[in-house]
Engineer: 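Dropping a structure here in structure tokens format, bear with me for questions.
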Amino acid sequence: MKCPCCGKEVEPHQMDVAFGLPDAIFALSVEQREARAKTHTDLCSLDDKRYFIRGVVYVPVQELGTKFGWGVWAEVSEETFDRYYELYDKDGSNEPLAAGVLANTPPGYAAVEQPLEIQFGPADKRPIFKPTPTDSEFYHEQIEGLPVRKWHSIIERYAG
């Protein structure tokens, strides 16, 4: 696909930007992280009191007819964390929706407490996170679409 902003070819991997850790864990020093956090590519805990799972928020891109994926973390209850762990190598598609709160602040957005609905899926896919209604720009762009110029600045910065 050609970028409508610059005319360059856009590779499929440029349609996603991922965070390696929840912000609360990333902000720790290496020493603090090693002492307080248990990390994995898809599951993390902090102080054995805060629990996080990794998933994707898909956002339509205006004018492109495609979606951009934010690979983000959600803070969840211990029960949701344990259930996801139980289903990690199984199909969780028939599980009821779980609740969480966005645990990353993507660049260009205000830090807000953004509630999420979490849908587990097949073992080879990360859960899908769907922002629930708030006044946040992050929520409204998930519904209305990411402006193509904003998408372009994101892929130029992170996925290029």
Side-chain angles (χ1 to χ4, degrees), residues 1 9-28 33-34 36-109 111-134 136-146 148 150-151 154-155 158-160:
M1 164 177 69
E9 197 63 34
V10 178
E11 300 297 325
H13 72 275
Q14 292 178 298
M15 293 308 295
D16 299 298
V17 170
F19 289 82
L21 292 168
D23 290 352
I25 294 175
F26 183 77
L28 299 172
R33 196 178 303 154
E34 288 174 2
R36 299 174 53 200
K38 294 176 187 166
T39 62
H40 175 272
T41 56
D42 294 309
L43 298 147
C44 294
S45 66
L46 180 60
D47 300 325
D48 291 324
K49 294 179 184 170
R50 295 178 68 187
Y51 302 92
F52 306 90
I53 64 174
R54 193 174 191 180
V56 182
V57 174
Y58 287 105
V59 184
V61 181
Q62 296 172 0
E63 303 172 39
L64 292 185
T66 190
K67 293 188 178 203
F68 175 78
W70 282 113
V72 292
W73 292 82
E75 186 163 359
V76 297
S77 68
E78 184 176 8
E79 294 77 23
T80 298
F81 181 87
D82 289 344
R83 185 62 181 148
Y84 182 60
Y85 182 77
E86 290 171 15
L87 295 169
Y88 190 72
D89 59 354
K90 298 173 184 63
D91 187 352
S93 300
N94 293 323
E95 287 290 306
L97 293 175
V101 176
L102 186 65
N104 297 106
T105 301
Y109 294 93
V112 296
E113 189 167 303
Q114 176 60 64
L116 303 167
E117 289 181 342
I118 300 169
Q119 178 63 62
F120 299 145
D124 64 339
K125 302 282 185 198
R126 289 197 169 112
I128 303 296
F129 296 166
K130 183 179 177 190
T132 60
T134 64
S136 75
E137 181 180 12
F138 190 79
Y139 167 74
H140 285 284
E141 286 180 353
Q142 201 266 335
I143 299 302
E144 299 161 8
L146 186 65
V148 73
K150 187 170 185 176
W151 165 81
I154 292 167
I155 66 163
Y158 294 99

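All of these numbers come straight from a predicted model, not from anything done at the bench.
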Engineer: To check you understand the geometry: which heavy-atom pair defines the closest contact between I118 and P127, and what is its length?
Structural biologist: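 Looking at all heavy atoms of both residues, the shortest contact is CG2-CB, 3.9 Å.
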Engineer: Kindly say whether I25 contributes a backbone atom to a donor-acceptor pair with the side chain of R33 at under 3.5 angstrom?
Structural biologist: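 Flag set: sc R33 to bb I25 pair under 3.5 Å.
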Engineer: With sequence neighbours left out, write down each residue that passes side-chain contact (heavy atoms from CB on, under 4.5 Å) with D48, or none if nothing qualifies.
Structural biologist: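 Per chain and number, D48 pairs via side-chain contact (heavy atoms from CB on, under 4.5 Å) with K38, S45.
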Engineer: Ignoring hydrogens, what is the shortest heavy-atom contact between T134 and P115? Give both atom names and the distance.
Structural biologist: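 Closest pair (atom of T134, atom of P115, distance): CG2-CD, 3.5 Å.
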Engineer: Would you confirm whether Q62, through its side chain, and G145, through its main-chain N or O, come within 3.5 Å as a donor-acceptor pair?
Structural biologist: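 Side chain of Q62 to backbone of G145, a donor-acceptor pair under 3.5 Å: yes, one is there.
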Engineer: Between Y139 and I143, is a side chain to side chain contact (heavy atoms under 4.5 Å, CB included) present by the stated rule, with each step listed?
Structural biologist: CA-CA 7 Å; Y139 167 74; I143 299 302; 3.6 Å; yes
Engineer: Is it the case that the side chain of W73 and the backbone of F19 share a donor-acceptor pair, with hydrogens and angles ignored and the cut-off at 3.5 Å?
Structural biologist: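 Indeed, once roles are kept as given, a pair shorter than 3.5 Å links the two residues.
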Engineer: What's the separation between atom NZ in K90 and atom CZ in F120, rounded to the nearest 0.5 Å?
Structural biologist: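 The distance works out to 13.0 Å.
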Engineer: Please work out whether the ring planes of Y109 and W70 are parallel, tilted or perpendicular, with thresholds of 30° and 60°.
Structural biologist: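 It falls in the perpendicular class, over 60°.
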Engineer: Hey, could you give me each pair passing salt bridge (Lys or Arg N to Asp or Glu O under 4.0 Å) that has a residue in residues 120-131? Not counting sequence neighbours.
Structural biologist: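 Applying salt bridge (Lys or Arg N to Asp or Glu O under 4.0 Å) to every pair that reaches into residues 120-131, excluding sequence neighbours, yields D42-R126.
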Engineer: Report yes if the side chains of F68 and V17 come closer than 4.5 Å at any heavy-atom pair, otherwise no.
Structural biologist: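 Yes. Closest side-chain heavy atoms under 4.5 Å.
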Engineer: Measure the CZ-CZ distance between R50 and F81 for me, rounded to the nearest 0.5 Å.
Structural biologist: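 Reported to 0.5 Å precision, the distance equals 13.0 Å.
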Engineer: CD/E78 to NZ/K49 distance, rounded to the nearest 0.5 angstrom?
Structural biologist: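 If I round to the nearest 0.5 Å, the distance is 12.0 Å.
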Engineer: Taking D91 for the side chain and S93 for the main chain, is one N or O donor matched with an acceptor at less than 3.5 Å?
Structural biologist: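 Judged by distance alone, yes, a pair lies under 3.5 Å.
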Engineer: Rounded at 0.5 Å granularity, tell me how far OG1 in T66 sits from CG in L146.
Structural biologist: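 Reported value, rounded in 0.5 Å steps: 11.5 Å.
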Engineer: Under 6.0 Å between ring centres: does that hold for H40 and Y88?
Structural biologist: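 H40 vs Y88: aromatic centres under 6.0 Å.
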Engineer: Check whether more than 12 heavy atoms from other residues, nucleotides or ligands sit under 6.0 Å from atom CD of E113, and answer yes or no.
Structural biologist: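 Counting other residues, nucleotides and ligands, CD of E113 stays at 12 neighbours or fewer.
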Engineer: Going through the distances and angles, do Y51 and T80 end up as a side chain to side chain contact (heavy atoms under 4.5 Å, CB included)?
Structural biologist: CA-CA 9 Å; Y51 302 92; T80 298; over 6 Å; no
Engineer: Rounded to the nearest 0.5 Å, what separation is found between the CZ atom of R36 and the CG atom of L28?
Structural biologist: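 It is 5.0 Å, given to the nearest 0.5 Å.
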Engineer: Any donor and acceptor pair, going by atom type alone, linking the side chain of N104 with main-chain N or O of L21 inside 3.5 Å?
Structural biologist: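 At least one qualifying donor-acceptor pair exists.
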Engineer: Calculate, to the nearest 0.5 Å, the distance between atoms OG1 and CZ belonging to T105 and F138 respectively.
Structural biologist: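 T105 atom OG1 to F138 atom CZ measures 9.5 Å (nearest 0.5 Å).
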Engineer: Got a sec, which residues hit side-chain hydrogen bond (donor to acceptor under 3.5 Å, both in side chains) with E137, two or more places apart in sequence or on another chain?
Structural biologist: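 Here the qualifying residues are K150.
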Engineer: Of all heavy-atom pairs between T132 and Q114, which one has the smallest distance, and what is that distance?
Structural biologist: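 Residues T132 and Q114, closest heavy atoms: O-NE2, 2.8 Å.
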